**Student:** 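Structure provided below as structure tokens; questions to follow.
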Amino acid sequence: MPYFIEFIDVEKSFGEMKVLDGISFGVEQGETFAILGPSGAGKTVTLTLAVGLLKPDAGRIIVDGQDITEMSERELANIRRKVQLVFQSGALFDSLTVWENVAFPLSDSGHTDADIDSKVEEYLKLVEIEDLAGLMPSELSTGMKRAVAIARALAAQPKAILYDEPTTMVDPLMSQTINKLIRKMQRQLGLTQMVVTHDIANCAEKVADHVALLDKGKFVFIGTIAELYADDHPVVKEFVEEDRIRFQKEKELA
Ligand SMILES: Nc1ncnc2c1ncn2[C@@H]1O[C@H](COP(=O)(O)OP(=O)(O)OP(=O)(O)O)[C@@H](O)[C@H]1O
Ligand SMILES: [Mg+2]
């Protein structure tokens, strides 16, 4: 399988602080790739680089066969339509209804009203929130906002969706719902996906074909979940163990 997104020796610093110290990975067409790491590891920075919202200091970033490293904003607009970023907050338009939020990406692309109606209905159905169409974002839970953000991402008819911490700050039941949606986008629509998360048991394990663990600007692991759990690297073992303890505590509280 060819890579849909590829990072080659990517470096990124902010002032004196080197956040990414030469990372390389490839996301195969049609797979879900998770990047794990503690807070501040550079997960969000990595997603932001993948759509050209930040430029790397060194290295190359290839998306859908095109080197985006030196692309102009105009060229990047096309990449950002193909590769949709779903933020933690959902980043919805607060003054628009759920329906209008999802319709937004369709509004300036020459679709007829009837066409927009049927597409919005289709995407709301796909993410299983048809009944929320008339609500305002302020009336939605964090998890529901994320579902709407996924529907809005679909309306851009992307080839890939990148999720920033999709299961953070939602209850275990909502985490399950979101994980199922992420899987459904891959299986049903064949989308290529990236998920960044600090959560193995509640997220990466449920959605990812491959995972990578970011530590001090470098990957200490890239492989499958089964390989992650069996890995001997001390940083990997500690991260896995902390996740296991957190998961256990959450289960006891639930
Ligand atoms: N635009 C920026 N300017 C300066 N520093 C930044 C910028 N964006 C990120 N950073 C810094 O880079 C580091 C990595 O940030 P990043 O947001 O990628 O972490 P993260 O892994 O997503 O963490 P979290 O799990 O808390 O979301 C942090 O120390 C952050 O403060
Ligand atoms: Mg982040």
Side-chain angles (χ1 to χ4, degrees), residues 5-25 27 32-61 63 68-69 71 73 76 80 83-92 142-143 145-146 149-150 153 160-172 174-175 178-179 182 193-208 210-222 225 228 233 235-236 238-247 249-250:
I5 296 172
E6 190 175 10
F7 277 47
I8 304 162
D9 296 328
V10 170
E11 296 179 25
K12 183 70 192 173
S13 298
F14 296 104
E16 297 286 278
M17 186 179 54
K18 198 162 216 177
V19 176
L20 300 177
D21 189 11
I23 61 164
S24 300
F25 66 93
V27 183
T32 301
F33 188 99
I35 294 185
L36 293 162
S39 186
K43 302 183 298 295
T44 300
V45 166
T46 303
L47 286 193
T48 313
L49 285 163
V51 293
L53 287 167
L54 281 173
K55 294 271 186 215
D57 302 326
R60 317 298 306 174
I61 298 171
V63 176
I68 71 160
T69 321
M71 270 189 182
E73 280 299 307
L76 283 167
R80 289 183 198 138
V83 182
Q84 291 284 309
L85 198 48
V86 173
F87 291 100
Q88 262 187 54
S89 62
L92 302 175
T142 306
K145 281 183 194 164
R146 285 187 196 152
I150 295 172
I161 302 183
L162 318 183
Y163 305 86
D164 195 353
E165 302 271 5
T167 60
T168 300
M169 291 186 312
V170 300
D171 61 66
M174 187 39 99
S175 289
I178 293 170
N179 287 334
I182 294 173
Q193 307 190 100
M194 276 180 73
V195 173
V196 306
T197 180
H198 64 270
D199 211 335
I200 309 175
N202 272 323
C203 183
E205 185 186 298
K206 306 290 194 308
V207 301
H210 289 101
V211 295
L213 175 60
L214 204 47
D215 177 67
K216 299 192 180 73
K218 291 189 185 291
F219 284 131
V220 289
F221 174 87
I222 300 186
I225 286 282
L228 180 83
H233 193 293
V235 173
V236 176
E238 192 187 334
F239 195 82
V240 165
E241 180 61 9
E242 277 172 9
D243 189 79
R244 197 186 60 77
I245 293 167
R246 192 171 55 234
F247 186 65
K249 272 200 196 125
E250 277 173 21

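For ligands, and for the atoms within them, numbers begin at 1 and follow the listed sequence. In this text the structure is predicted, and so the values were computed from the model without any measurement.
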**Student:** Hey, could you give me the NZ/CG distance between Lys218 and Leu213, rounded to the nearest 0.5 Å?
**Tutor:**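 So the NZ of Lys218 and the CG of Leu213 are separated by 14.0 Å.
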**Student:** Find all atoms of ligand 1 within a distance of less than 4.0 Å from any non-hydrogen atom belonging to Glu165, and give their numbers and elements.
**Tutor:**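 By the 4.0 Å cutoff, the relevant atoms are 25 (O).
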**Student:** So does Ile61 get a backbone contact from the side chain of Thr69, meaning a donor-acceptor N/O pair under 3.5 Å?
**Tutor:** yes
**Student:** Just distances here: any N/O of Val19 and N/O of ligand 1 closer than 3.5 Å?
**Tutor:**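 No: no nitrogen or oxygen of Val19 is under 3.5 Å from one in ligand 1.
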**Student:** Just how far is it from atom CD of Gln84 to atom CG of Leu162, taken to the nearest 0.5 Å?
**Tutor:**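 If I round to the nearest 0.5 Å, the distance is 9.0 Å.
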**Student:** Report the distance from atom NE2 of His210 to atom CG of Leu228, rounding to the nearest 0.5 Å.
**Tutor:**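 Going from NE2 on His210 over to CG on Leu228, the span is 12.0 Å.
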**Student:** From atom 3 (N) of ligand 1, is the closest protein heavy-atom distance below 4.0 Å?
**Tutor:**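 Yes, there is one.
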**Student:** Do the charged groups of Arg246 and Glu241 touch, with an N to O distance under 4.0 Å?
**Tutor:**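 Looking at Glu241 together with Arg246, the answer is no, because their closest N to O distance does not fall below 4.0 Å.
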**Student:** Tell me if a side-chain donor or acceptor on Arg60 pairs with a main-chain N or O of Ile8 at a distance below 3.5 Å.
**Tutor:**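 Checked: no pair found.
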**Student:** Has ligand 1 got any nitrogen or oxygen that is less than 3.5 angstrom from a nitrogen or oxygen of Gly42?
**Tutor:**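 Yes.
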**Student:** Check ligand 1 against Pro38 and write out every atom of the ligand that is under 4.0 Å from a heavy-atom position of the residue.
**Tutor:** 21 (O)
**Student:** Starting from atom 18 (O) of ligand 1, which protein heavy atom do you reach first, and at what distance in Å?
**Tutor:**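 Here the closest protein heavy atom is Val45 N, 2.9 Å.
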**Student:** Is the distance from the Mg ion (ligand 2) to the nearest N/O/S atom of Gln88 under 2.8 Å?
**Tutor:**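 Here the distance criterion (N, O or S atom, under 2.8 Å) is not met by Gln88, so no.
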**Student:** Treating Lys206 as the side-chain partner and Ala201 as the backbone partner, does any N or O pair qualify as donor plus acceptor under 3.5 Å?
**Tutor:** yes
**Student:** Give me the residue, atom name and distance of the protein heavy atom closest to atom 5 (N) of ligand 1.
**Tutor:** Phe14 CG, 3.3 Å
**Student:** Does the Arg244 side chain pair with the main chain of Phe239, one donor and one acceptor, at a distance under 3.5 Å?
**Tutor:**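 No.
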**Student:** Work out whether the distance between some heavy atom of Gly40 and some atom of ligand 1 is less than 4.0 Å.
**Tutor:** yes
**Student:** Starting from atom 26 (O) of ligand 1, find the nearest protein heavy-atom neighbour and note its residue, name and distance.
**Tutor:** Ser39 OG, 2.5 Å
**Student:** What is the nearest protein non-hydrogen atom to atom 22 (O) of ligand 1, stated with its residue, atom name and distance?
**Tutor:** Thr44 OG1, 2.8 Å
**Student:** Quick test of your reading of the structure: of Gln88, Lys43, Met17, whose heavy atom lies closest to atom 25 (O) of ligand 1?
**Tutor:**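 The option holding the nearest heavy atom is Lys43.
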